[in-house]
Amino acid sequence: MRLSRFYLPTLKETPKEAEIASHRLMLRAGMIRQSSAGIYSWLPLGFRVLRRIEQIVREEQDRAGAQEMLMPTIQPAEIWRESGRYDDYGPEMLRITDRHERELLYGPTNEEMITEIFAATARSYRDLPKMLYHIQWKFRDEVRPRFGVMRGREFLMKDCYSFDLDYEGAVRSYNKMFVSYLRTFARMGLKAIPMEADTGPIGGDLSHEFIVLAPTGESAVFCDRNCLDIDVLSEDIDYGDDGALAAIINRFTTLYARTEEKHDTAAFESRVAKDRRYEGRGIEVGQVFYFGTKYSKPMGAEVIGPDGQPATVEMGSYGIGVSRLVGAIIEASHDDAGIIWPDAVAPFDAEIINLRPGDEACDAACMEAYARLGAAGRDVLYDDRDERPGVKFADADLIGIPWRLVIGPRGIKDGKVELKRRDGTVADEVALSAALDRLATAPRG
RNA sequence: CGGGGAGUAGCGCAGUCUGGUAGCGCACCUGCUUUGGGAGCAGGGGGCCGGAGGUUCGAAUCCUCUCUCCCCGACCA
């Protein structure tokens with residue numbers, strides 16, 4: 001993509017409404033534009049990131065055995081009356097009436113809808129287990145939306161629902177999602193720690209929040225440093241091996257990891273040696289939750305069991321805040337100049353900066369780089385604009401593409417270009433061909 | 001929902017107290033000069049001053065009502 005043709009309305013000054021880094025940087029980098037409180041349009045740069053995050057979530061859901069579907073944003077009030085939540089939900093639910101005076105709502109979540117679908121179609125225990133998910137826009141009419149996409153009213157969420165015949169089955173599903181989440185966040189370059197979460201009136205210990213560590217996070221978190229060192233991506237995970245999954249989960253759940261709401265200083269200090277105590281801040285990006293028959297019972301989601309008797313299905317739900325993740329990743333990875341995208345979610349793999357468009361040698365070198373990287377399957381942003389170098393460097397820092405290839409008249413007369421990582425780990429003056437070899441084979445994360 | 005603040009050009013702001021034909025910086029357009037970290041000079045375009053009523057010869061400015069947005073708190077993927 002040539003930057004001269006790309007719709008990238010960057011801002012030099014910060015819009016005054018943006019307080020936190022991710023909000024500020026997303027606005028400045030031309031990723032989003034606010035429509036009304038807590039509701040945003042996603043401009044091309046932001047949309048690219050959103051799609052990449054969504055795709056990682058999708059791949060890891062599929063890998064864990066969940067199946068993608070799509071449910072509507074608008075739901076009938078009726079099914080929420082069946083579950084008893086229509087009145088419980090309160091003013092956070094956006095209620096709508098259509099021309100026939102039918103009561104509708106813009107879905108804040110989909111337990112009722114999926115349960116209703118499942119109840120109407122599942123017959124036998126042989127239909128179980130199942131895990132179904134979708135990635136869809138939701139709406140919660142927050143009293144006070146803030147922090148940009150981190151706490152919007154409209155947000156993109158992946159929600160998955162599991163259906164099992166009994167508690168043991170539900171735990172297996174829960175474990176699959178738990179491990180899937182570990183992999184999902186790790187692939188995005190995040191340290192996400194599962195922390196014990198409130199299970200509300202249902203009780204039990206089967207709920208975890210996944211917290212991304214970021215110094216600007218909203219809640220204080222306390223955990224054993226050993227949590228930070230577990231590398232889930234290097235393992236070959238077999239989702240059919242219940243024992244292996246349980247073992248991975250045990251490694252986390254036996255370690256102390258809690259948010260401030262559940263933090264217990266005495267327990268922390270007795271369970272975690274002093275040098276292993278980690279205290280920081282974090283952002284919740286996902287939650288896994290077992291809730292048994294809370295919805296299946298009132299909505300009649302039953303199957304005939306092996307014994308010929310009807311059995312109410314055991315359910316769980318598993319959410320990931322996809323749009324929130326965009327903000328969370330920026331909170332976890334930025335500096336004063338701008339965003340530092342992890343490779344796996346970056347809007348482009350590399351940016352080529354032509355310091356002197358119109359200079360024959362620079363143009364030729366840039367076009368060679370652009371063509372070669374494109375042929376190697378890289379997504380490249382080519383800054384061919386007729387701007388001064390300072391403007392280009394500043395925009396490049398701001399939008400945070402992981403690799404930067406700077407081609408200017410000074411270097412090119414010696415056949416040299418500058419190859420840099422946005423995160424500062426690489427800054428080399430090398431021959432163009434060497435830089436291209438390196439970029440063409442660099443991991444995409 | 002309680003408390004605070006703000007709506008004036010795309011963005012950041014001044015002007016409001018003390019009414020008198022709307023301004024600054026950046027951005028944008030044209031030309032020339034520049035070109036390795038947000039260039040210089042010259043010229044130019046762009047505003048029903050959030051909206052509705054009112055007071056006045058005259059309202060961005062005073063009065064009334066209203067809408068929106070932001071911050072702190074309570075609440076949340």
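In this text the structure is predicted, and so the values were computed from the model without any measurement. Residue numbers begin at 1 in each chain, while the letters A, B, ... track the order of the sequences.
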### Query
When rounded to the nearest Å, what value does the distance between P atoms of C71(B) and G44(B) take?
40 Å
### Message
Please enumerate all residues that pass side-chain contact (heavy atoms from CB on, under 4.5 Å) together with A122(A), with sequence neighbours excluded.
### Response
F118(A), D127(A), V303(A)
### Task
May I ask you to check whether Y174(A) and Y290(A) place their ring centres under 6.0 Å from each other?
no
#### Entry: Whole angstrom value for the distance that separates P of A77(B) from CD1 of I211(A)
10 Å
### Task
Write down the distance separating the C1' atoms in C49(B) and U68(B), rounded off to the nearest Å.
16 Å
### Task
Return the set of residues passing ring pair (Phe, Tyr, Trp, His ring centres under 6.0 Å) with Y239(A) (not counting sequence neighbours), or none when no residue passes.
none
### G47(B) versus A27(B) - spacing of their C1' atoms, nearest Å
16 Å
### Summary
With sequence neighbours left out, the residues meeting side-chain contact (heavy atoms from CB on, under 4.5 Å) with D98(A) are H100(A), R102(A), L104(A)
### Query
What integer number of Å spans the P atoms of U16(B) and G50(B)?
15 Å
### Query
In whole angstroms, how far is the P atom of A77(B) from the CE atom of M195(A)?
16 Å
### Task
Indicate, yes or no, whether a donor-acceptor pair under 3.5 Å links the base of G38(B) to the side chain of R385(A).
no
### Query
Hey, does the side chain of Q287(A) come within less than 4.0 Å of C76(B)'s phosphate (OP1/OP2), counting only N and O?
no
### Task
Output every pair passing salt bridge (Lys or Arg N to Asp or Glu O under 4.0 Å) with a member in residues 150-161 of chain A, not counting sequence neighbours, ordered by first then second residue.
K138(A)-D159(A), D141(A)-R153(A), E142(A)-R151(A)
## Note on the structure
Rounded to whole Å, CE of M93(A) lies from C1' of C76(B) at a distance of 16 Å
### Message
Taking A59(B) as the reference, what is the distance to G20(B) when you measure between their C1' atoms (whole Å, please)?
### Response
10 Å
### Summary
Pairing partner of C28(B), by Watson-Crick or G-U wobble and under 3.5 Å for both distances, is G44(B)
### Message
Give the residues of residues 137-148 of chain A touching RNA chain B, defined as any heavy atom closer than 4.0 Å, sorted by residue number.
### Response
R140(A), E142(A), V143(A), R144(A), R146(A)
### Query
How do F155(A) and D395(A) order along RNA chain B: which one's closest nucleotide is nearer the 5' end?
D395(A)
### Query
Which part of the nucleic acid, if any, lies within contact of S36(A), taking any heavy atom under 4.0 Å across all strands shown: a base, the sugar-phosphate backbone alone, or nothing?
sugar-phosphate
### Message
Between G4(B) and U8(B), how many Å separate the two P atoms, rounded to a whole number?
### Response
22 Å
### Query
What is the nucleic acid contact for G152(A), judged by heavy atoms within less than 4.0 Å: base, sugar-phosphate only, or nothing?
base
### Message
Listing request: all ring pair (Phe, Tyr, Trp, His ring centres under 6.0 Å) pairs with a residue in residues 61-83 of chain A, at least two apart in sequence or in separate chains.
### Response
W80(A)-Y89(A)
### Contacts of type side-chain contact (heavy atoms from CB on, under 4.5 Å), residue A371(A), not counting sequence neighbours
none
### Gap between atoms CD and P, on E92(A) and C1(B) respectively (whole Å)
13 Å
### Task
If a protein heavy atom is under 4.0 Å from the base, mark B; if only from the sugar-phosphate, S; if neither, -; do that for nucleotides 23-37 of chain B going 5' to 3'.
--BSS------BSBB
### Query
What side-chain hydrogen bond (donor to acceptor under 3.5 Å, both in side chains) pairs are there with at least one residue in residues 337-346 of chain A, not counting sequence neighbours?
D343(A)-R421(A)
### Query
What is the ring orientation for F268(A) with F222(A), classed by angle as parallel under 30°, tilted 30 to 60°, or perpendicular over 60°?
perpendicular
Which atom pairs, donor and acceptor, lie under 3.5 Å between side-chain atoms of residues 352-367 of chain A and protein residues at least two apart or in another chain?
| unit_1 | atom_1 | unit_2 | atom_2 | d |
| --- | --- | --- | --- | --- |
| N354(A) | OD1 | R356(A) | N | 3.0 |
| N354(A) | ND2 | D363(A) | OD1 | 2.8 |
| N354(A) | ND2 | Y382(A) | OH | 3.0 |
| D359(A) | OD1 | A361(A) | N | 3.0 |
| D359(A) | OD1 | C362(A) | N | 2.9 |
| D363(A) | OD1 | G358(A) | N | 3.1 |
| D363(A) | OD2 | G358(A) | N | 3.0 |

#### Entry: Interatomic distance where CZ belongs to R28(A) and P belongs to G12(B) [whole Å]
12 Å
## Note on the structure
L11(A) CG to C13(B) P, in whole Å, measures 13 Å
#### Entry: Sugar-phosphate, base or nothing in reach of T14(A), heavy atoms under 4.0 Å
sugar-phosphate
### Task
For A14(B) versus G23(B), give the span between their C1' atoms, rounded off to a whole number of Å.
7 Å
### Message
For a quick check of understanding: with a heavy-atom distance under 4.0 Å over all strands, which category does D159(A) fall into, base, sugar-phosphate or nothing?
### Response
nothing
### Task
Could you give the distance separating C13(B) and C32(B) at their C1' atoms, to the nearest angstrom?
31 Å
### Query
Which whole-number value in Å describes the distance from I39(A) CD1 to C69(B) C1'?
13 Å
### Query
Taking atom C1' of G12(B) as reference, at what distance in whole Å does atom CZ of R24(A) sit?
15 Å
Which atom pairs link the protein and nucleotides 3-6 of chain B when you take only N or O atoms and keep those under 3.5 Å?
| unit_1 | atom_1 | unit_2 | atom_2 | d |
| --- | --- | --- | --- | --- |
| A6(B) | O2' | K16(A) | NZ | 3.2 |

### Task
Scan R153(A) against the nucleic acid and name what it touches under 4.0 Å (heavy atoms): base, sugar-phosphate only, or nothing.
nothing
### Task
Would you check if there is a donor-acceptor pair between the side chains of R85(A) and Y295(A) at a distance under 3.5 Å?
yes
### Query
Mind checking who U18(B) pairs with, Watson-Crick or G-U wobble, both distances under 3.5 Å?
none
### Message
List the residues meeting side-chain contact (heavy atoms from CB on, under 4.5 Å) with D349(A), not counting sequence neighbours, and say none if there are none.
### Response
R52(A), R378(A), D379(A), R444(A)
### Exercise: do Y256(A) and H263(A) side chains pair donor with acceptor under 3.5 Å
yes
